[in-house]
Structures are given as structure tokens and as C-alpha cells.
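Right, one structure below, let's go through it.
Below, chain A is the first sequence line, B the second, and so on; all start at residue 1.
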Amino acid sequence: MDVKAVEQKWQARWEKSKLNQFDKKATSKPKHYVLEMFSYPSGAKLHVGHWYNYGPTDSYARFKRMQGYNVFQPMGFDAFGLPAENYAIKTGVHPKDSTEKNIETMEAQLKAMGAMFDWSAEIKTCEEEYYKWTQWMFLALYKKGLAYRKEAPVNWCPSCQTVLANEQVEGGVCERCGTQVTRKNLTQWFFKITDYAEELLKGLDELDWPEKTKNMQRNWISKSTGCEIEFECENGEKIRVFTTRCDTVFGVSYVVLAPEHPLALSLTTAEHIEEVKKYIEYAAKANEIDRLSSTREKTGVFTGSYCTNPVNGKKIPIYLADYVLASYGTGAVMAVPAHDERDYAFASKYQLPIVKVIESQNGDTKLPYCEDGIVVSSIDFDGLVGEEARNAVASHLAKIGKGGKKVNYRLRDWLVSRQRYWGAPIPVIHCPKCGAVPVPEADLPVKLPYDVEFKPNGSSPLANHEKFMHTTCPVCGGEAQRDPDTLDTFVCSSWYYLRYADPHNAAAPFSKEKVNKLLPVDTYVGGAEHACMHLLYARFLTKALRDMGYLDFNEPFLRLVHQGVILGPDGNRMSKSHGNVVSPDEYVEKYGSDAFRLYLMFGFSYTEGGPWNDDGMKAISKFLDRVEKTVLKIKEYKTENGSLYGANEKALDYARNYAISKVARDMETFSFNTAIARMMELLNAIGKYDAFAEKNTSFLKDTVKDFVLLLAPCAPHICEELWEILGEKNSVFLQNFPKENPDALVLDEKEYAVQMNSKIVCKAMLPANGSQDEIQSLALALPEVQERMEGKSLKKCIVVTGRLVNLIVG
RNA sequence: GCGGACGUGGCGGAAUUGGCAGACGCGUCGGACUUAGAAUCCGAUGGGAAACCUUGCAAGUUCAAAUCUUGUCGUCCGCACCA
């Protein structure tokens with residue numbers, strides 16, 4: 001078969017007949033929205049990772065289609081972003097030009113893959129008709145009070161020359177370029193994702209997502225239930241601390257503020273001011289180096305002030321220390337050295353009192369003792385344990401007006417402004433009189449100008465574009481400046497799956513009706529690296545849009561699958577420096593798109609991935625050759641012996657229906673490797689039956705047809721061709737996926753493993769549905785059993801119907 | 001440090017969820033067809049001469065463990081002073 005010609009033939013036919021498009025009219029079929037994470041138009045060509053994401057998932061989509069679903073599978077490009085801009089800085093090619101060119105080549109390649117993408121719904125996030133609505137999203141959130149601007153210590157990547165969201169910092173390092181991130185106090189735009197912390201956490205329980213991913217999100221949101229306690233200072237200021245261990249409040253020996261705490265300076269006495277200022281400076285610098293290590297030696301400084309422990313009136317010194325984070329809880333903690341390792345280390349170093357107020361229930365209390373235990377030396381609360389003690393203390397604090405129960409989350413608000421060029425401009429105007437004013441919706445989009453000097457200089461490239469920056473205030477009409485920042489590209493990708501439902505709507509981001517009909521996404525497939533970024537942001541935006549009345553569902557992605565990673569043949573991650581990059585093109589050229597896709601499905605467990613192997617590629621190609629040969633041979637047979645149905649036919653019928661039932665199950669669970677293994681078995685069974693001199697050829701032909709239908713989602717071009725060769729007129733993808741005939745799967749006898757005292761003695765054909773007694777007596781009658789029964793008697797017999805019988809003798 | 005996942009032939013990987021470990025395929029070996037090779041087809045293939053031994057290692061529960069429990073080693077990932 002001329003694979004190339006066959007691929008082109010069918011791709012052209014599919015396009016002409018609009019076979020790949022979602023049927024907007026069909027109402028009787030249930031919809032199924034299959035989505036692959038859209039790609040960033042980098043470099044020029046699709047890499048193995050793209051094929052591995054899109055190929056098998058497309059086979060899943062085709063499978064669902066043949067099962068009778070109205071499948072929607074769109075594709076688009078996440079086109080804004082840093083790489084294009086960095087490339088521009090290096091080469092001088094404008095990001096818009098390089099991006100558009102890259103998209104063009106990638107479109108052609110994606111089409112050559114033969115996936116049933118509905119290109120009529122294509123999205124490119126860098127186009128005005130799309131980013132207009134990204135800006136609209138920003139304004140909608142702003143109006144709802146979910147977008148705000150504030151000065152805060154933020155993450156700054158010195159290499160990318162922009163601020164980053166918390167989620168984009170991995171271990172203190174920029175997620176993109178690996179540069180150490182520094183901290184800066186800057187005024188930036190944030191989305192109030194924290195308003196949804198609880199729902200984002202709870203919603204995970206309902207989702208059909210990998211547990212690991214759900215746990216990563218849980219971990220990232222990190223809910224902690226505790227208590228806020230107010231310590232009043234001598235000068236009347238009040239310090240609120242957050243603690244999960246209010247049962248230790250009688251053991252507080254000092255209070256610590258983060259160096260950035262707003263009260264840090266006002267609480268410092270004249271005597272200590274020099275030292276404190278020096279420490280704050282030191283801490284700011286230390287922040288930049290590493291405040292990451294928990295093994296780092298604790299440092300701090302005394303402010304000279306004292307506050308009062310609300311439960312016992314004790315006078316308590318106030319310290320500053322950088323082991324307390326300004327951004328979590330209240331930025332202040334009560335230190336209980338006896339029952340917290342960090343406080344213990346600090347107190348030991350600065351010779352602060354260590355007061356034991358918890359005792360281990362088994363009597364052995366070695367400090368610092370950080371487990372739950374019996375409260376001691378705490379007046380009314382003595383004798384209470386753990387949660388019980390915490391409840392009692394919390395309600396006491398509430399009663400005296402000094403605090404009470406409080407829930408905290410580790411999740412921070414999403415910082416969305418970026419000091420870069422290639423993104424959607426933030427639709428805000430800064431007026432000297434009116435402050436930050438949103439751009440009226442009618443004026444959207446705020447167009448990204450083309451002629452911009454985008455060499456980074458620490459400020460936003462747009463800031464230097466006079467024409468862009470200069471504008472008038474929509475409120476007062478006076479002279480004003482545009483916001484020079486652009487939106488994080490994760491904002492663009494946090495709603496694209498909604499736009500696909502209504503991609504050409506010029507009046508709104510999408511119609512509520514269309515989105516409610518097509519969403520949520522039923523099956524979403526993409527890399528695991530987005531667990532705490534894209535996948536979290538998209539959930540947030542969906543919930544926010546729901547609360548604003550734009551849609552009626554709670555979660556965007558009902559089911560999530562992560563594909564694994566294909567490594568180089570040497571087992572390392574593919575990279576140019578390793579010299580182990582496998583380029584799909586050569587293989588597609590040599591073996592065809594179907595063979596390449598099929599190898600990716602068969603050679604790995606889909607969610608695991610693994611090292612590339614050339615021999616496996618050849619093996620799959622051989623399998624496809626055998627398929628073709630078999631079909632060509634059997635198609636020539638005259639249909640005869642239609643009523644012949646003996647043991648051989650029964651065996652082939654079993655193989656056929658066994659394959660049908662297993663393939664359907666395995667395709668559903670993305671177990672593509674085993675699905676294809678079952679098809680190989682069926683092909684072997686077909687070959688075996690074909691070797692018989694006397695055979696029922698019309699039955700054989702039907703079986704071969706079923707085989708082609710089973711394989712069609714995985715090898716779409718070749719199976720279309722074979723389907724046509726078999727004399728069929730309509731596309732194989734308009735056929736129903738075969739359904740198994742349960743009768744054919746019923747066997748009279750099955751091979752049982754016969755065990756005596758749990759050791760296998762022999763194997764025997766016994767009634768498939770025999771009763772306990774029946775199987776037992778048949779087993780006992782077996783010669784191999786009789787032999788070993790001499791002088792022994794049966795104590796017990798275990799029968800697993802259809803599989804095994806275990807005779808316990810003694 | 002905390003949390004999670006994983007560990008099965010020479011290799012990629014299966015195992016109806018506690019029921020014959022090693023499906024399917026690669027590789028290897030043998031054979032057929034060939035002057036020969038390539039391709040193709042057929043057969044064998046966890047180890048061991050055998051009793052038997054085998055799912056990282058060591059215990060345990062069970063009639064029965066790759067699967068459950070505990071400990072231990074190793075690999076990978078996530079979080080990292082979160083009070």
C-alpha cells in the first residue's frame with residue numbers, strides 16, 4: 001500500500017465531507033468533548049511529545065465517535081508568550097511574524113497527522129478577535145472585585161525581566177528559564193483566586209482526575225485550620241497571630257513578626273531602632289539569596305517592645321525574625337519553644353524561656369515535643385488533650401474577645417501582570433485624577449502595537465511606545481496613560497476551552513447557551529506539568545464566570561488524563577545536548593502516520609511513557625503489513641459455507657468477541673497498549689482459522705470486517721482504505737464500533753488450574769459454570785489427583801468458578 | 001525534613017483487582033523458502049540437570065499474595081521555616 005497516497009487521499013476526503021467537524025445540529029446523539037491541551041507554536045515542527053499527546057487521544061475521540069457520540073475535538077494555539085519574544089530579541093524577527101509562520105507549519109503538520117480536529121473552531125490567542133475577550137475577562141473580574149492592584153513583595157525573574165506568579169516559581173527558580181527569582185516590592189495586578197480556595201479544594205473530590213494531580217492541587221491550596229490570637233502591645237497596638245496549636249498558648253515565650261510586618265518599625269523602641277533597621281535590610285537581602293532552606297540557621301532581633309499573653313497576662317517580648325513569612329497567615333506567630341522545632345532552635349540561640357505546657361500521654365516528654373498531648377500548667381485547661389484542648393482554648397479566646405477559630409490557605413492571589421511585550425495588553429488606563437480606570441468594553445480590544453522596541457530594560461516594552469501609552473481618561477477626558485503591562489499567558493489559556501464552543505462570536509466571549517450545551521470538557525488530555533498552574537487557573541475562572549452568570553457548571557474538565565513522557569533511546573529526556581532527539585518526521589516519512597501513531601500507542605503504557613525503541617517501530621509496521629495482506633487475501637474469497645459452525649468457528653467467534661469486549665474497555669481507559677495487543681491476538685486467530693481447509697468464509701469475512709472496525713480509530717487512514725477495499729461505500733468512521741455478542745463468549749468448559757494444598761497439580765477442562773460440588777468431584781476423579789490422594793482425605797475444597805480448584809488434603 | 005508514586009524475564013510491558021505470574025510485542029535460538037542475504041512463514045524461549053526457585057529485600061495475614069499489612073533498600077516526583 002502506498003501509505004503516503006492513502007493518507008493524502010483520505011485527509012482530502014475527510015476535509016471535503018466535513019467528517020471531522022462537530023455536528024452542531026444532531027441532537028439525538030450525546031455530545032462528547034475531547035480536548036487536548038493546545039500547543040505553543042514554538043520552533044517549526046511537531047515533536048514526539050505532540051504526537052504522543054494528540055495521536056492516541058485522537059484515536060480515543062474516533063472511538064467515542066464510532067460508539068455513537070457527537071464528538072467535538074478542536075485545536076488551536078497558545079500563541080502569546082515569552083519564547084517568541086526572546087527569539088525576537090535574539091534574531092530581530094518580530095514575534096507576530098515568527099508566531100504566525102510557526103502556526104502555519106504546525107497546522108499543516110497537525111493535519112498530516114490525520115486527527116479529526118474540527119478546524120472550523122480553531123483559536124489563536126494572539127489574534128485580536130481572541131485577546132479582545134481575554135481583556136474582557138480581565139474587566140469582568142475587575143468589575144466583580146476579583147481583579148485588583150496592590151503593592152506587594154513579588155517574584156521577579158532577572159533574566160525574563162518580569163514578575164512571576166507564585167505558581168511559576170519552582171524551588172526559588174523561574175519555571176521558564178531556571179534563573180534564581182528575586183523579591184521586589186512592586187504594584188501589580190492580581191486575580192483574587194483565594195476567594196475560591198475552599199471551593200477549589202472541595203471540588204477536587206468530584207473530579208475524575210489522577211489522584212496525584214488532585215493531591216498536588218490540594219497541597220498547593222493547603223488548608224490549615226487553627227486559631228487567631230490577639231496580643232496587645234504596651235503602646236496599644238494589637239498583634240494578631242495565627243496558630244494551629246492554640247492548646248500551647250500558655251507556653252508562649254515570645255512573639256515573632258516577619259521583618260516585612262507593617263508594625264515592625266512602630267513597635268521598635270529608640271534603643272533598638274538601629275539594630276532592627278539593619279536586620280530588616282539583612283532579611284530583605286537574605287530573601288533574595290535563599291529563604292528556602294528549613295535547615296538554615298535562624299536569625300532575628302529584639303524590638304524592645306512587649307505584649308501581653310491574653311490568657312495569663314504574662315509580659316512577652318516581641319522579636320523580628322525571617323523564619324516567619326509575611327505572606328502567610330497574619331505575618332506574625334506566637335513562639336512556643338517547648339512545642340515547636342523552629343521556636344526551640346530560636347529560643348535556644350537567643351536564650352529565651354522554654355516553658356513546657358504539653359506532656360506526652362506515655363510520659364516520655366522530650367523537648368521540643370510537637371505531638372498532641374496532655375495540657376499542663378495551663379490553669380483551667382489542664383488535663384485536656386489535643387483537639388479537645390484546642391476547642392476549649394479557642395472558645396475561651398472568643399469569649400474574652402481575643403481571637404477564635406480561623407482557617408488559612410497557603411494559596412496566594414494570582415499575579416497576572418507581566419512586564420513583557422508579547423501578550424494581551426491590560427485594558428486599564430491610569431489617570432492622574434481618576435486613578436486606575438477600566439477601558440470601556442466598547443473600546444476593546446486594546447490593540448497590541450506592532451512597532452515596539454522589545455529589548456528588555458527592566459520596564460515594560462510598551463511603556464516606551466508613546467502612541468500606545470498616550471490616551472485620554474474614559475471618565476474625565478483628561479490626558480492619561482495606558483497600563484504598559486501585558487497579561488500572563490496563563491490568562492489566555494484559562495478560558496480557551498470555552499471559546500472553542502463559540503469561536504467566532506463577535507458580540508461576546510461566548511454564548512451562554514452554546515457553552516452550557518458543549519461544556520464541561522468530558523475528556524481533557526495533556527501534560528502533568530500544569531497541575532498547579534493552567535489546571536488551577538482554568539478551574540478558578542470557570543467558577544468566577546459561573547458566579548457572574550455567564551455559564552452554569554462548576555468545573556471545566558470532568559475527566560483528566562496525563563500522557564507520559566517519551567524519552568530518548570538512551571532513557572534520558574530528549575534534548576539537543578544529549579543528542580538523543582527522535583524526530584517524528586523521518587519515521588512518518590518512512591512508515592506513515594498510522595504506523596507512527598500505532599507504535600506510540602502500543603510501545604508504552606500511555607500515562608507512563610518511556611524510552612523510544614526503533615525495533616518496536618518496525619514491529620508495528622510489520623503488523624500493519626500483515627493486516628493489509630490478510631484483508632486483501634480474504635476479500636477475494638467467495639462467501640460460502642455460511643451455515644458451517646463447528647468447533648473451529650466457535651473458537652474464532654470467541655476470539656472475535658473477546659477482542660471486541662476488551663478493546664472497547666481498554667480504549668475507554670486509555671490502555672491503548674493492551675487494546676492493540678488484543679487486536680494482534682484477533683489477527684493471529686484469523687490467520688489460524690484461515691489455515692483450515694474447510695471454513696465458513698462468509699463468517700471469516702465478517703470477522704475481518706469487525707477487525708478493521710476495531711483498528712480504525714488507531715490506524716485511521718489505512719482502515720478507511722481497507723474498508724473501501726472490502727467494498728464498503730461509506731466512511732469507516734460512520735460505522736458503529738462492534739458490539740460483542742455475549743453468547744459467543746459463553747464456553748461450556750474452561751481450563752481450570754487444579755491445586756492440591758495450594759500447589760498446582762495439573763490443568764483440566766471442567767464445566768465453565770459448574771457448581772462447587774460438581775467441580776470438586778470432577779477434580780477428585782482426575783488421575784493426577786487420585787495418585788496423590790492415596791492415604792489422605794479431603795479437608796476442604798475451594799472453587800473459583802471458571803478458573804481454579806484447590807483441594808486441601810491431609 | 002514532610003508527602004506521594006513506583007520497583008515484574010535480556011528489553012517495552014500484561015495480569016479480570018487476592019485466584020494458573022510473565023498476555024501482546026521486541027530480541028534471541030532452531031527450522032522452512034533461497035546459490036546467498038534481505039523479506040516472509042513455522043516452532044521454541046523466566047531461571048535451573050532436576051527436586052524446585054522466581055514479581056527489589058525481610059517478615060506477616062490467607063487455602064491462595066506482584067496485588068493486603070509492617071519493616072527495609074532503591075528510583076522518580078511534588079512541597080519545602082505555611083506556625
Side-chain angles (χ1 to χ4, degrees), chain A residues 170-172 210-220 222-224 226-227 241-246 248 256 258 290-298 321-325 327-336 339-343 345-346 370 408-412 528-529 531-532 571 599 602-605 608-620 622-623 625-626 629 661-662 665-666 671 673-684 687 691 751-763 795-809:
Chain A
E170 286 176 351
E211 271 312 308
K212 188 182 170 180
T213 306
K214 292 205 271 185
N215 274 329
M216 278 171 72
Q217 286 205 2
R218 286 190 186 110
N219 210 313
W220 188 256
S222 194
K223 180 179 182 174
S224 130
C227 189
V241 305
F242 175 72
T243 178
T244 53
R245 291 299 304 275
C246 67
T248 64
V256 201
D290 75 331
R291 205 157 138 181
L292 297 164
S293 167
S294 52
T295 52
R296 179 163 161 258
E297 197 183 344
K298 308 255 174 302
D322 70 356
Y323 77 91
V324 174
L325 305 175
S327 48
Y328 183 75
T330 61
V333 302
M334 61 178 216
V336 187
H339 307 295
D340 181 282
E341 283 178 24
R342 296 152 301 183
D343 299 343
F346 191 85
C370 308
N408 258 317
Y409 301 90
R410 207 193 62 156
L411 182 71
R412 314 285 157 75
E529 66 276 12
C532 292
Y599 167 61
F602 180 63
F604 314 86
S605 152
E608 296 295 317
W612 175 269
N613 179 317
D614 262 9
D615 291 332
M617 183 69 237
K618 281 181 214 145
I620 273 295
K622 212 165 87 178
F623 167 67
D625 286 345
R626 280 180 62 209
K629 272 186 207 158
S661 76
K662 293 299 180 194
R665 191 198 63 175
D666 291 349
S671 307
N673 52 347
T674 51
I676 290 164
R678 300 293 87 84
M679 294 183 217
M680 288 172 167
E681 283 169 354
L682 178 56
L683 187 67
N684 291 342
E751 191 185 65
Y752 280 63
V754 180
Q755 299 181 333
M756 290 180 77
N757 291 339
S758 307
K759 291 213 166 176
I760 292 180
V761 170
C762 65
K763 294 176 182 183
K795 295 264 158 61
K796 195 176 170 185
C797 174
I798 291 132
V799 174
V800 181
T801 313
R803 306 191 66 84
L804 166 148
V805 51
N806 189 2
L807 303 159
I808 310 302
V809 299

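I620(A) has its side chain within reach of M680(A): a pair of non-hydrogen atoms, C-beta onward, lies under 4.5 Å apart.
The 5' end of RNA chain B is approached more closely, in terms of each residue's nearest nucleotide, by K662(A) than by the other of A753(A) and K662(A).
For rC63(B), the base has a donor-acceptor partner in the side chain of N806(A) [N/O atoms by modelled type, under 3.5 angstrom]. For K796(A) against rC63(B), a side-chain-to-base donor-acceptor contact under 3.5 Å is absent. Taking only distance into account, the side chain of K212(A) never meets the base of rC77(B) through a donor-acceptor pair shorter than 3.5 Å.
Relative orientation of the F346(A) and Y323(A) rings is tilted, given thresholds of 30° and 60° on the angle between their planes.
Between M679(A) atom CE and rC24(B) atom C1' the separation is 12 Å, expressed in whole Å. Atom CZ of R245(A) and atom C1' of rA83(B) are 11 Å apart (whole Å). Summarising the geometry, the separation between NZ on K214(A) and C1' on rC77(B) is reported as 19 Å, rounded to the nearest angstrom. Rounded to whole Å, the distance from CD1 on I620(A) to P on rC26(B) is 9 Å. Rounding to whole angstrom units, CD of residue Q217(A) and P of rG4(B) are separated by 18 Å. The distance between atom CD1 of I798(A) and atom P of rG18(B), rounded to the nearest whole Å, is 16 Å. The separation between N219(A) atom CG and rA80(B) atom P is 8 Å, rounded to whole Å. For the pair D340(A) CG and rC81(B) C1', the computed distance is 9 Å after rounding to whole Å.
Comparing the C1' positions of rA15(B) and rU8(B) gives an interatomic distance of 10 Å, to the nearest angstrom. Taking the C1' atom of each, rG71(B) and rC81(B) are spaced 31 Å apart, rounded to whole Å. Only the P atoms considered, rA64(B) is 31 Å distant from rG4(B), to the nearest whole Å. Only the C1' atoms considered, rA14(B) is 13 Å distant from rG9(B), to the nearest whole Å.
Within the 4.0 Å cut-off from OP1 or OP2 of rG25(B), at least one side-chain nitrogen or oxygen of N684(A) is found. Within the structure, every side-chain polar atom (N or O) of K618(A) is placed at least 4.0 Å from both OP1 and OP2 of rG25(B). Close to rA83(B), at under 4.0 Å from its OP1 or OP2, lies a side-chain N or O of Y328(A).
Within the 4.0 angstrom heavy-atom criterion, only backbone atoms of the sugar-phosphate kind lie near D615(A); the bases stay farther away. Within the 4.0 angstrom heavy-atom criterion, base atoms lie near E751(A). Using a 4.0 Å heavy-atom distance criterion, K763(A) is classed as a base contact. Within the 4.0 angstrom heavy-atom criterion, no nucleotide atom of any strand lies near R218(A). Contact annotation for I760(A): backbone-only contact, meaning every heavy-atom pair under 4.0 Å involves sugar-phosphate atoms and none involves a base.
Side-chain proximity of Q755(A) to the nucleotides rC81(B), rG19(B), rA23(B) is greatest for rG19(B). When each of rC81(B), rG25(B), rA80(B) is scored by its nearest atom to the side-chain atoms of A619(A), the top-ranked nucleotide is rG25(B). Relative to the side chain of V333(A), the nucleotides rC26(B), rU40(B), rA83(B) differ in distance, and rA83(B) lies closest.
For E529(A), the side chain to side chain contact (heavy atoms under 4.5 Å, CB included) criterion is met by no residue, not counting sequence neighbours. Partners of K796(A) by salt bridge (Lys or Arg N to Asp or Glu O under 4.0 Å), not counting sequence neighbours: none found. Applying the salt bridge (Lys or Arg N to Asp or Glu O under 4.0 Å) criterion to K629(A), with sequence neighbours excluded, gives no partner residue.
Between the Y599(A) side chain and the N613(A) main chain, a donor and an acceptor come within less than 3.5 Å of each other.
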What does the B/S/- profile of nucleotides 10-15 of chain B look like, 5' to 3', with a 4.0 Å heavy-atom cutoff to protein? --BSS-

Starting at the 5' end of nucleotides 47-52 of chain B, put B wherever the base has a protein heavy atom under 4.0 Å, S where only the sugar-phosphate does, and a dash everywhere else. ------

Please step through side chain to side chain donor-acceptor pair (under 3.5 Å) for the pair S224(A) and N408(A), ending with a clear verdict. CA-CA 5 Å; S224(A) 130; N408(A) 258 317; 5.9 Å; no

Where each pair must be Watson-Crick or G-U wobble with both distances under 3.5 Å, what dot-bracket representation of RNA chain B is obtained, with crossing pairs in [ ] and other-strand partners as |? (((((((..(((......[....)))((((((.......))))))((....))..(((((..]....))))))))))))....

